[in-house]
*Asks:* 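Once you've had a glance at the structure underneath, I'll fire off some questions.
All values derive from a computational prediction rather than experimental measurement.
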Amino acid sequence: MRFSKAVVKYRVPILILALLLMIPSVLGMAATRINYDMLDYLPDNMDTVIGQNELMEDFGKGAFSFIIVEDMPEKDVAKLKAQIAQVEHVDSVIWYDTLADLSVPMELLPNELYSAFNTDNATMMAVFFDTSTSDDLTMDAIREIRSICGKQCFVSGMSALVTDLKDLCEQEEPIYVGIAVALACAAMLLFLDSWLVPFVFLLSIGMMILLNLGTNYFMGEISYITKALSAVLQLAVTMDYSIFLWHSYNEQRTLRADKNEAMAVAIHDTLTSVVGSSITTVAGFISLCFMSFTMGRDLGIVMAKGVLFGVLGCVTVLPALILVLDRPLQKTKHRSLLPKMEKLSKGIVKVFPLFLVIFALVIPPALYGYNRTNDEVYYDMGECLPQDMEYVIANSKLAEDFDIASTHMLLVDTDVSPKDVRSMIAEMEQVDGVKYVLSLESVLGSRVPEEILPESVTEILKSDKWELMLINSEYKVASDKVNAQIDSLNAILKKYDAGGMLIGEAPCMKDMIETTDHDFKVVNAISLLAIFFIIALVEKSFSLPFILIAVIEVAIFINLGLPHYFGQSLPFIAPICISTIQLGATVDYAILMTTRYKAERLRGERKQSAVYTALTASIPSIIVSGMGLFAATFGVALYSNIDIISSMCMLMARGAVVSMLCVIFILPALLLLCDRLVCATTCGMKHCNQTKQEVTVK
């Protein structure tokens, strides 16, 4: 109580300090770099990542793009190439005039090489940058190239994707927050008992969101997914704590004449309840930190931090605001629009066997759909962008005009003889889906010595340590065909050069598929174990964690199984994150009801009466909480043009509703079914009065 009384006493200094902290928070948020490249989060010890670093260190090359130029005379293309070469951070541009003078007709090139870079109305040039794929400088260079090229040119490659993604995110993110705030406010106005208190909640939570985003500065950078979701998620998840404090304060106001004393008791009660509840949510987010694909750690740390700030704000800033604004808050109170729950609770208890049957029948199709959804996820980040984005149009042109769906890069030791290199290239060009391999050997042929080429040409594709080759493929990034192709190419490469490396977007994506598949199992296991032990400690029971987690896990199976039945494909990161977020954020509903059921049983009530009372008391809080999470995420899901953001928000919105329904209808049935087991395996419940005459449920 000492802490609670201190908050009440120093409420004005607390508000002044909170407002002052907003200044460094805004500065820290503005200074935090946002990373839009998913491949940056691969483990550092992978060949693809090592190879990318070698490419940068040895060649000074990082990002790579193809530029398609349509309906332009060769002399103008040459001028355009020269202009692109002058763009800051463009390392080199490869086109026909890199190898031969324009006075030599392009048609004299070997037919295979000519058709690889030319069609009836288009030609293609390769551009290397001296900065990495998602570097801000690379994105600036992409924008400048697009402005130079005009509407006749199309820039492909990961850097173009990252640039478009960044521009779209920066355009949409303020609207995400606006939609989430507006709909969350509408939900609170509908379900709470005051017209003013939702705005007080939003002010308090908004301050904590700014603090959370500002402290991200110390992480250096965060992913765009984390930035887009963290504010919305923090608002949705921590709203419960504010609601609990408000209800507790109003209850204490009826028992105590002094509002300060009432608030001190409310803060104490809220801390006691919210700390236990928030630990499960924090555990869910922290489990994401165990992903080897480090974007999980990024999202996990930021969201765990956000929950902790949410708890802190709920017991410091919010009480201070409520006390300062107590008079208008009391004047704007009204009857809650939620109806009484006695009839619903009575009905659920009476027909509980029906809900057990529904529970048993739902599990097989939900589990089947859940497993199928996990098998049907997509990894190609281009699929998350709208079809009218410049990157998507460029990639479509590349595939349609040049039959190139992906490009790999090959680093081969310069000690490998030219003869072996040519043999290796010949084998690689026989691999299904390989269009051609571009290297010094393939350009020159076996009869032309490398020495006749000027150094400015050879240094583009060769250093003292490595020779660089480009492999163009007909297969799309992240497809089963391209992954099989990469396996075949790697097998050939290792035969000629054990230390050689195959790098690029498709090989990186293949590594990401294998990494995240492993991560999914690890994160699920850790989150389940962590939350199991937390519930066991909070409820002092061995059986209750199984029951509570079973209810929420079935809700997760339903939520993640529906995309399969709806014919939807999810981005790969969605199932990994959502299963953990939904478990951590909504198991609180089950804990709330179970804690009340336990209290009633310990008071000597029979199981039906205990479950009835727990249901009647818990349903309003569960509905307000579930609908708050739904409201904060559903609008963003409908609005966002970025499929990763839209999919994750839709899953969170639907997950909140499914978990809410499962806790209200399924959990009571399981508690009634397993009552004897719960009493036998829960501390203090072994001697519950099981012979007391059943109290009539009214």
Side-chain angles (χ1 to χ4, degrees), residues 35-55 62-66 132-134 138 156-165 223-225 291-296 298 374-385 389 391-392 394-396 398-399 404-411 428 431-435 470-491 493 501-520 569-577 642-644 647:
N35 191 342
Y36 293 85
D37 185 2
M38 300 290 272
L39 301 180
D40 259 8
Y41 295 100
L42 284 169
D44 291 336
N45 59 353
M46 290 191 153
D47 266 5
T48 45
V49 178
I50 295 167
Q52 292 286 154
N53 294 336
E54 283 285 325
L55 187 65
F64 168 80
S65 287
F66 276 127
S132 63
T133 301
S134 58
T138 309
S156 71
M158 272 297 287
S159 294
L161 183 153
V162 169
T163 304
D164 286 346
L165 191 56
S223 78
Y224 76 96
I225 292 177
M291 290 173 65
S292 48
F293 183 66
T294 54
M295 205 210 79
D298 188 84
N374 287 332
D375 293 338
E376 293 161 358
V377 296
Y378 70 81
Y379 291 81
D380 183 358
M381 291 303 97
E383 291 186 32
C384 79
L385 289 174
M389 297 299 286
Y391 163 81
V392 178
N395 262 29
S396 299
L398 198 60
I404 297 170
S406 58
T407 301
H408 322 316
M409 285 180 271
L410 205 61
L411 289 177
M428 286 182 169
V431 172
D432 287 346
V434 171
K435 284 277 292 177
L470 296 179
I471 304 175
N472 279 336
S473 168
E474 298 171 5
Y475 298 150
K476 279 185 68 176
V477 167
S479 63
D480 291 338
K481 286 183 175 181
V482 86
N483 291 338
Q485 182 188 81
I486 289 165
D487 286 336
S488 301
L489 291 172
N490 263 320
L493 171 63
M501 287 176 278
L502 185 65
I503 60 177
E505 185 184 354
C508 284
M509 283 292 182
K510 182 175 183 292
D511 283 345
M512 192 161 73
I513 291 168
E514 291 164 2
T515 302
T516 52
D517 185 53
H518 171 260
D519 282 343
F520 185 73
S569 181
L570 297 176
F572 73 97
I573 198 71
I576 303 173
C577 293
I642 302 167
D643 193 48
I644 290 184
S647 296

*Asks:* Once rounded to the nearest 0.5 Å, what's the spacing between atom CZ of F66 and atom OG1 of T407?
*Replies:* 4.0 Å
*Asks:* Of all the heavy-atom pairs spanning L42 and C508, show the shortest one and how long it is.
*Replies:* CD1-O, 3.5 Å
*Asks:* Can you spot which of D432, D480, V434 makes a side-chain contact (heavy atoms from CB on, under 4.5 Å) with Q485?
*Replies:* V434
*Asks:* Going by side-chain hydrogen bond (donor to acceptor under 3.5 Å, both in side chains), K510 matches just one of T48, T515, D487, N490. Which one?
*Replies:* D487
*Asks:* Would you check if T516 and Y379 make a side-chain contact, meaning some heavy-atom pair closer than 4.5 Å?
*Replies:* yes
*Asks:* At what distance, to the nearest 0.5 angstrom, does CD of E514 lie from OG of S292?
*Replies:* 11.0 Å
*Asks:* Are the side chain of S473 and the backbone N or O of S406 linked by a donor-acceptor pair below 3.5 Å?
*Replies:* no
*Asks:* When rounded to the nearest 0.5 angstrom, what distance separates OG1 in T163 from OH in Y391?
*Replies:* 11.5 Å
*Asks:* Do you know which two heavy atoms are closest between T138 and A63, and how far apart they sit?
*Replies:* CG2-CB, 3.7 Å
*Asks:* L55 and G62: which non-hydrogen atoms are nearest, and at how many Å?
*Replies:* CD2-O, 4.1 Å
*Asks:* Measure the shortest side-chain to side-chain distance between E54 and I503 over non-hydrogen atoms and say whether it is less than 4.5 angstrom.
*Replies:* no
*Asks:* Could you tell me whether D44 atom CG has more than 12 heavy atoms of other residues or ligands within 6.0 Å of it?
*Replies:* no
*Asks:* State, to 0.1 Å, how close S569 and E376 come at their nearest heavy-atom pair, and which atoms those are.
*Replies:* OG-O, 2.7 Å
*Asks:* How long is the span from the NE2 atom in H408 to the OH atom in Y475, to the nearest 0.5 Å?
*Replies:* 10.5 Å
*Asks:* Atom OG of S647 and atom CD1 of I573: how far apart are they, to the nearest 0.5 Å?
*Replies:* 12.5 Å
*Asks:* Roughly how far, to the nearest 0.5 Å, is the CD1 atom of I225 from the CG atom of L165?
*Replies:* 8.5 Å
*Asks:* Parallel, tilted or perpendicular for Y41 and F293, by the 30°/60° rule?
*Replies:* perpendicular
*Asks:* What I'd like to find out is whether the side chain of M428 reaches to under 4.5 Å of the side chain of L493, using heavy atoms alone.
*Replies:* yes
*Asks:* Check V482 against A506 and note the closest heavy-atom contact, atom names and distance.
*Replies:* CG2-CB, 4.1 Å
*Asks:* My understanding is that only residues two or more places apart in sequence, or in another chain, count here; which of them pass side chain to side chain donor-acceptor pair (under 3.5 Å) with N53?
*Replies:* none
*Asks:* Go through the structure and list residues passing side-chain contact (heavy atoms from CB on, under 4.5 Å) with D37, not counting sequence neighbours.
*Replies:* N35, L39, D40, T133, S134, M158, V162
*Asks:* Is the NZ atom of K476 crowded by more than 12 outside heavy atoms at less than 6.0 Å?
*Replies:* no
*Asks:* Which pair of non-hydrogen atoms, one from N374 and one from P575, has the smallest distance, and what is that distance?
*Replies:* OD1-CB, 3.3 Å
*Asks:* Would you say the side chain of M409 lies within less than 4.5 Å of the side chain of I471, judging by non-hydrogen atoms?
*Replies:* no
